[in-house]
There are 2 protein chains.
Amino acid sequence: MPISSRFAVGIHILTLIEMTREEGVTSSEFIAASVNTNPAVIRKIMGMLKKAGLIEVHPGIAGAKLAKSLSDITLFDIYKAVDVVQENELFSMHESPLPDCPVGKNIQNTIEPLFTAAQLAMEKVLKNVTIEDVVRDIDRKEQIQ
Amino acid sequence: MPISSRFAVGIHILTLIEMTREEGVTSSEFIAASVNTNPAVIRKIMGMLKKAGLIEVHPGIAGAKLAKSLSDITLFDIYKAVDVVQENELFSMHESPLPDCPVGKNIQNTIEPLFTAAQLAMEKVLKNVTIEDVVRDIDRKEQIQ
DNA sequence: TTACTTTGTAACAACCTTGATTACATGTAT
DNA sequence: ATACATGTAATCAAGGTTGTTACAAAGTAA
């Protein structure tokens with residue numbers, strides 16, 4: 001029911017790639033340790049991020065790189081890349097209500113735009129946040145401690 | 001993954017109760033036919049709506065009534081009543097990232113407020129729509145045809 | 001060429017939620 | 001007592017997620 005943790009892991013991956021850029025390479029093994037999951041899981045998600053053009057990775061060669069600049073990667077890009085919610089499918093709707101009934105006939109057409117608006121409002125928030133924001137926030141937290 | 005169809009069914013139920021108010025009683029059997037599902041499913045959801053104070057139903061007595069006026073029932077009320085999403089749980093987050101890693105240590109605290117904001121934005125849209133709006137829209141569609 | 005490391009992918013199991021169905025208890029009206 | 005209504009639990013099937021394992025393919029170093 002909740003939106004898959006793939007999304008949060010995707011954000012974690014990109015943030016980690018950026019924040020360890022100068023220190024060394026970020027293998028899937030290394031990322032998996034930071035995320036506390038299995039490397040195969042990371043590799044699966046990274047494949048999605050790569051397919052969406054967010055990172056560059058190559059077989060046999062360790063270390064991923066961001067394929068775009070920090071401020072050009074929004075949370076919405078990651079959300080779409082990891083395929084957690086399809087367009088207009090955040091909300092499920094029951095099938096085949098009774099067409100002989102005015103409510104049954106019209107309910108889907110009536111609430112679908114409302115559901116769409118609600119989904120778009122949520123997604124709009126994600127569009128307004130970049131990995132740069134996340135990195136900056138973590139830097140800030142690290143300096144405080 | 002998608003938000004349960006219980007929400008859409010809940011909206012359908014309340015709308016049907018209102019739009020058949022003058023014609024007769026809306027038994028769970030009647031509602032189930034309009035929704036195209038089993039009456040036991042409807043009774044389950046209606047129990048939730050009753051618990052949330054949105055409808056009145058009584059054992060052995062046929063027919064549900066709205067417990068509040070149309071314009072006082074928002075889609076958000078129904079969303080909460082049918083318990084499709086918990087507070088701050090629209091998005092899942094992975095557990096126990098590595099605390100020795102700056103990203104692992106801070107990622108949850110960093111993205112949680114972002115996820116909360118996105119969820120609140122979605123819910124805000126739902127708060128701005130009432131059953132009165134839905135009923136009016138269906139009336140409009142029925143008059144066109 | 002071999003050995004090692006890396007990415008990439010598939011298969012499997014476990015778990016949870018949802019939706020559908022069935023059965024039956026409880027309450028009301030006749 | 002009978003018929004009909006609400007209310008609830010149990011069961012099953014389906015689907016998605018998560019985690020794990022195994023192995024293929026690719027690149028690099030010796």
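Protein chains get the first letters and strands the later ones, always in sequence-line order, with residue 1 at the start of each.
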Peer 1: Quick one: do A/R136 and A/E132 make a salt bridge, cutoff under 4.0 Å?
Peer 2: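 Yes, this pair counts.
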Peer 1: If you group Ile, Leu, Val, Met, Phe, Trp and Tyr by side-chain heavy-atom gaps below 4.5 Å, do B/L120 and B/I3 land in one group?
Peer 2: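 No, no single cluster joins them.
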Peer 1: Establish whether B/F76 and A/M93 are linked, either directly or via other cluster members, by ILVMFWY side-chain heavy-atom contacts under 4.5 Å.
Peer 2: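 Linked, B/F76 and A/M93 end up in one cluster.
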Peer 1: Which angle, to the nearest 10 degrees, lies between the helix axes at the two ends of the helix from C/dT1-D/dA30 to C/dT30-D/dA1, each defined by five pairs?
Peer 2: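 Answer rounded to 10°: the end axes differ by 0°.
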Peer 1: Show each protein N/O and nucleotides 15-19 of chain D N/O combination with a separation under 3.5 Å, one pair to a line.
Peer 2:
residue: D/dT18; atom: OP1; partner: A/S5; partner atom: N; Å: 2.9
residue: D/dT18; atom: OP1; partner: A/S5; partner atom: OG; Å: 2.6
residue: D/dT18; atom: OP2; partner: A/S4; partner atom: OG; Å: 2.7

Peer 1: Could you state the CD1-P distance from A/I13 to C/dT7, rounded to the nearest angstrom?
Peer 2: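 My rounded result for the distance is 11 Å.
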Peer 1: More than 12 non-hydrogen atoms from neighbouring residues, nucleotides or ligands closer than 6.0 Å to NZ on B/K141, yes or no?
Peer 2: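 Yes, because the 6.0 Å sphere around NZ of B/K141 holds more than 12 heavy atoms from other groups.
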Peer 1: Mind jotting down which residue pairs meet the ring pair (Phe, Tyr, Trp, His ring centres under 6.0 Å) criterion with at least one end in residues 87-113 of chain B? Sequence neighbours excluded, please.
Peer 2: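 Qualifying pairs, neighbours excluded: A/F7-B/F91, A/H12-B/H94, B/F91-B/F115.
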Peer 1: Return yes when atom NZ of A/K68 has more than 12 non-hydrogen atoms of other residues, nucleotides or ligands closer than 6.0 Å, and no otherwise.
Peer 2: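 Yes, because the 6.0 Å sphere around NZ of A/K68 holds more than 12 heavy atoms from other groups.
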Peer 1: Mind running a 4.0 Å heavy-atom check of residues 47-58 of chain A against DNA chain D and sending the residues that fall below it, in number order?
Peer 2: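 The answer is none.
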Peer 1: Write out a two-atom table: protein N or O, nucleotide N or O from nucleotides 23-29 of chain C, distance below 3.5 Å.
Peer 2:
none

Peer 1: For residues 19-41 of chain A, pull every pair meeting salt bridge (charged side-chain N to carboxylate O under 4.0 Å, His left out), keeping only residues two or more places apart or in separate chains.
Peer 2: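 Found A/E18-A/R21.
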Peer 1: In whole angstroms, how far is the P atom of C/dT7 from the CD1 atom of A/I31?
Peer 2: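 The answer, rounded to whole Å, is 8 Å.
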Peer 1: Within this structure, what is the CD-to-P distance between B/E89 and C/dT17, rounded to whole angstrom?
Peer 2: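 For the pair B/E89 CD and C/dT17 P, the rounded distance is 11 Å.
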Peer 1: Do the side chains of B/K105 and A/E142 get close enough for a salt bridge, i.e. N-O under 4.0 angstrom?
Peer 2: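 Counted as a salt bridge, because a side-chain N and a carboxylate O are separated by less than 4.0 Å.
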